[in-house]
Amino acid sequence: MIKRFSFGNPIETEATVVKLPVSSENELTKYIKLSADKKCMTISLEPDDIVYGLGESVHGMNKRGFTYISNNTDDMHHDEDRYSLYGSHTFVLIDSLSGRKLGIFVDYPASITWDIGFTDKDLMTVSLEDADYNLYTVEGEDDLSIIKEFRELIGPSYMGPKWSFGYVQSRWGYKSGDDFREIIANHKKYDLPIDSICMDIDYMDDYKVFTLNKENFPDLKALMDEMKAENIHILPNVDPGIKCEDGFSIYEEGKKKGYFCKDENGEDFVAAVWGGLTVMPDFLRPEVREWYGDLYKEFIEAGIDGFWNDMNEPALFYSRKHLKEVAHDLKTLEERVDDLTLNELWDFTATISGLSNNPEDYKSFYHTVDGKKVRHDKVHNLYSVGMTRASAEGFRRNNPDNEMLLFSRASYIGGHRYGGIWTGDNCSYYSHMDLLMHQLPNLNMCGFIYVGADTGGFSFHTSEPLMTRFLQLSMFTPLFRNHCALGKRDQELYRFKDIDTMRNILNLRYSFIPYLYESACDSAENGKLMFTPLAMAYPDDVRTRSIEDQLLVGDSIMIAPVTAPNAVGRYVYLPEAMRMLRFRSVDDFDDIELEAGNHYVDVALNEVLVFVRGGHQFYMAKPANRTALMEDADFKYFER
Ligand code: MIG
């Protein structure tokens, strides 16, 4: 049973596709206490309640015990103390053993603070900056039907084309067609499957969006024809910001038409991002979305059919105004060099580090929504949706016959209808595999199905065992991308020693693609989870309530990846008897019947576990080195 409550004058976020009538406040569930000013909700938590949701945020699958802030933030430290990451997924689901099952969606595009049993372990407090929002409550018999009802409200999810389930090789630093050729040649040499390669920001001319460095990319069309002949998709990275440069046609056109966000004085708001001083398209306006969406056209005409939209929180390296303040501080520092106090030093370093993504900067520019001026921070989380939507609608106009791949960094619920997301700049940490396990079901329930993480880790140097374990987890996610930062250890799979293991993992992934793709489409269309917490699938088994290191994938299988360094085995809990497949390769595997209960299972570094559930069927196809070369034939079926 879903209900909508509306307070004040909410901004139209278009997060929902069903317009529900507004219920009167006295119909609000007894579990939610609203403050008199409506800016605060409290919900008491029973000791064994689980609180799911909030998409890609840090901490466990069960969000209890921490505070989260829904405020899209470019932060490359996905540590346990981070309140915000790139996406704001403002839906939670409270599951009580006593039978209370309550979904809460706060549709509000500014900052929301969720204190989920942090200040008081038995209390959840949701605080908003203003009392202008829509609140949806979903009550039901069980978690999965609540999620389905919620997902009907927000509409079906974007799903990438089948080829986008192939392996994606990426790194920040690829500069030219020769880099792509080298990757393709090595994948051939070592017989490693691959479908896509990402172009990161270095392909551009001086970081100007939709331009090419002419020296490195003299003829994009010819290069794309060459790539097409190899069955390789090339995926450019696109930033929202447009470099302020006289003569740069996109900048000039946007400026002339007044398409950029404005500062307090009605001038174009200028902040620094990759291109240096940059302006921000006002994606909240339909005509700006249409204009920006058509900018992809030239690339599409050259043969490109996939993009990743980056930096769309939007990330701001600094604003002119703020930099001036720092410059002023610098002068003062110069005079104080001989007797600087430590407090002055710390103030100064804080000012410098506060230059990026500064909250004050987000309060200093404006959008035009339905002809009205709206301060950015009041609609901050919608910026990403506007960009994703601009791209998706542009694709539909300019390439209606082809499915396009699109994944974005920042997001808000609603954006799930237009594109997928990746989880941003994680690190080469074992713990970031656990983080991904926690994010997957929580992202799914908020509508994001085409998702994946930077496999091997973006920041820091990866190791071969870490990469191997990370692949063995990511091989189940729709987006399966190896990506890392500039200057980090080379982590293309052929750089490692045990290439046989890398090949076996990729082949397994390809052979699982029909199953994974079907599960993903089913989840995207039918409001299901692709990754389901055990406690949702086995609600009568209390023991499953604290299991966060195993997940169901689709209807038929359970995974239990190894995420600990140097581990060659792990404990697994089986809520029912299952058939355990321990793969070393597509053709070499153990097939073992396991009773329900606790088991310790060996999982050597070259092994991948798949558990087949009772009454279900799992299937594998014959792999190929490109998804386009796979035939949906020769299936191997595993039933239990
Ligand atoms: O400020 O394009 O998250 O995947 O490699 C860094 C360079 C900008 C951030 C993305 C990352 C990408 C990087 N980008």
Side-chain angles (χ1 to χ4, degrees), residues 8-15 69-74 84 86 88 107-112 128-134 209 239-244 250-293 295 309 311-325 354-390 410-412 414-415:
N9 290 306
I11 300 246
E12 179 49 73
T13 66
E14 301 192 32
I69 301 179
S70 300
N71 181 46
N72 292 355
T73 304
D74 168 23
S84 313
Y86 316 85
S88 293
D107 187 13
Y108 174 73
S111 176
I112 308 174
L128 288 74
E129 292 174 351
D130 321 275
D132 301 307
Y133 62 104
N134 281 299
V209 287
D239 288 347
I242 295 171
K243 185 178 169 74
C244 306
I250 297 178
Y251 169 67
E252 295 212 335
E253 189 187 353
K255 190 175 174 63
K256 199 171 87 210
K257 294 188 166 153
Y259 281 172
F260 305 134
C261 293
K262 303 283 183 246
D263 66 15
E264 294 96 330
N265 308 318
E267 304 290 326
D268 288 343
F269 169 75
V270 178
V273 202
W274 280 106
L277 296 179
T278 298
V279 286
M280 294 291 157
D282 185 354
F283 287 118
L284 272 54
R285 292 165 58 189
E287 64 276 24
V288 178
R289 287 199 294 269
E290 190 173 338
W291 171 70
Y292 198 91
L295 296 177
N309 283 347
M311 308 290 281
N312 47 0
E313 295 74 27
L316 305 175
F317 292 164
Y318 65 82
S319 67
R320 211 188 234 158
K321 182 174 155 212
H322 207 118
L323 189 64
K324 273 196 188 141
E325 287 163 19
L355 263 182
S356 293
N357 307 323
N358 191 290
E360 289 309 311
D361 287 335
Y362 291 107
K363 289 184 188 159
S364 73
F365 65 100
Y366 296 82
H367 297 269
T368 309
V369 179
D370 296 330
K372 276 187 287 223
K373 198 168 142 185
V374 178
R375 205 173 73 189
H376 174 80
D377 60 313
K378 299 292 173 198
V379 287
H380 176 66
N381 297 334
L382 289 182
Y383 194 77
S384 56
V385 183
M387 185 186 184
T388 311
R389 183 172 172 188
S411 55
Y412 177 76

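For the pair N9 (side chain) and D132 (backbone), a donor-acceptor distance under 3.5 Å is absent. A distance-only check finds no donor-acceptor pair linking the side chain of N265 to the backbone of E267 [under 3.5 Å]. The main-chain N or O of Y362 is never found under 3.5 Å from a side-chain atom of S364 such that the two would form a donor-acceptor pair. Under a 3.5 Å cut-off, the side chain of N312 and the backbone N or O of P314 do not form any donor-acceptor pair. Between the side chain of N381 and the main chain of N72, a donor-acceptor pair closer than 3.5 Å is present. For R375 (side chain) and Y366 (main-chain N/O), no donor-acceptor pair under 3.5 Å exists by modelled atom type. Here the side chain of D282 pairs a donor or acceptor atom with the backbone of T368 at under 3.5 angstrom. Using modelled atom types, no side-chain atom of S384 and backbone atom of L382 make a donor-acceptor pair closer than 3.5 Å.
Residues K373 and K262 are not in side-chain contact: their nearest non-hydrogen atoms beyond the backbone lie 4.5 Å or more apart. Using a 4.5 Å heavy-atom cutoff, the side chains of M280 and V273 are in contact. Side-chain contact between K321 and E264 is present, with heavy atoms from C-beta onward closer than 4.5 Å. Contact annotation: the side chain of C244 approaches that of V270 to within less than 4.5 Å [non-hydrogen atoms, C-beta and beyond]. A heavy-atom distance below 4.5 Å is not found between the side chains of L295 and V209. Using a 4.5 Å heavy-atom cutoff, the side chains of Y251 and K243 are not in contact. With a 4.5 Å cut-off on side-chain heavy atoms, Y318 and S356 do not count as touching.
Counting all heavy atoms, side chain and backbone alike, A15 lies closest to Y412 at CB-CE2, 4.2 Å. Nearest heavy atoms, A315 versus N357: CA-OD1, 3.4 Å. Contact record, M387 with Y292: CE-OH, 3.9 Å, taken as the closest heavy-atom pair. Shortest non-hydrogen contact noted between I242 and T278 is N-CG2, 3.1 Å. Scanning all heavy atoms of the two residues, the minimum distance from M311 to P240 falls at O-CG, 3.6 Å.
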Using side chain to side chain donor-acceptor pair (under 3.5 Å), reason through S319 and D361 one step at a time and then give a plain yes or no. CA-CA 7 Å; S319 67; D361 287 335; 2.7 Å; yes
Under the side-chain contact (heavy atoms from CB on, under 4.5 Å) criterion, do D130 and K378 qualify, and how do the steps go? CA-CA 9 Å; D130 321 275; K378 299 292 173 198; 3.2 Å; yes
List the steps and the verdict of side-chain contact (heavy atoms from CB on, under 4.5 Å) for R320 and H322. CA-CA 6 Å; R320 211 188 234 158; H322 207 118; over 6 Å; no
What verdict does the side chain to side chain donor-acceptor pair (under 3.5 Å) test give for Y259 and D268, after you've listed the backbone C-alpha separation in whole Å, the side-chain angles of each residue and the deciding distance to 0.1 Å? CA-CA 9 Å; Y259 281 172; D268 288 343; over 6 Å; no
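Atom NZ of K324 sits in a sparse spot, with 12 or fewer heavy atoms from other residues, nucleotides or ligands closer than 6.0 Å.
Going from atom CD1 of I250 over to atom CD of E252 covers 11.5 Å, rounded to the nearest 0.5 Å. Atom CD1 in I69 sits 5.0 Å away from atom OG in S84 (nearest 0.5 Å). Remark: L316 CG to N358 CG distance equals 9.0 Å, nearest 0.5 Å. Distance check, rounded to the nearest 0.5 Å: CZ of R389 to CZ of F283 gives 12.5 Å. The NE2 atom of H380 sits 10.5 Å away from atom OG of S70, with the distance rounded to the nearest 0.5 Å.
D107 and T13 are linked by a side-chain donor-acceptor pair at a separation below 3.5 angstrom, with hydrogens and angles left out of the test. Residues Y108 and N134 bring no donor and acceptor atom of their side chains to less than 3.5 Å of each other.
Between H376 and Y383, the ring-plane angle classifies as perpendicular under the 30° and 60° cut-offs. F365 and F269 have parallel rings, their planes meeting at less than 30° on a 0 to 90° scale where 60° marks the start of perpendicular.
Evaluation of the side-chain hydrogen bond (donor to acceptor under 3.5 Å, both in side chains) rule for R285 yields E287 as partners, not counting sequence neighbours. The side-chain hydrogen bond (donor to acceptor under 3.5 Å, both in side chains) test applied to Y86 returns H78, not counting sequence neighbours.
Comment: E253 engages K257 in a salt bridge, judged by a side-chain N to carboxylate O separation of less than 4.0 angstrom. A salt bridge is absent between K372 and D370: the closest approach of a Lys/Arg side-chain nitrogen to an acidic carboxylate oxygen does not fall below 4.0 angstrom.
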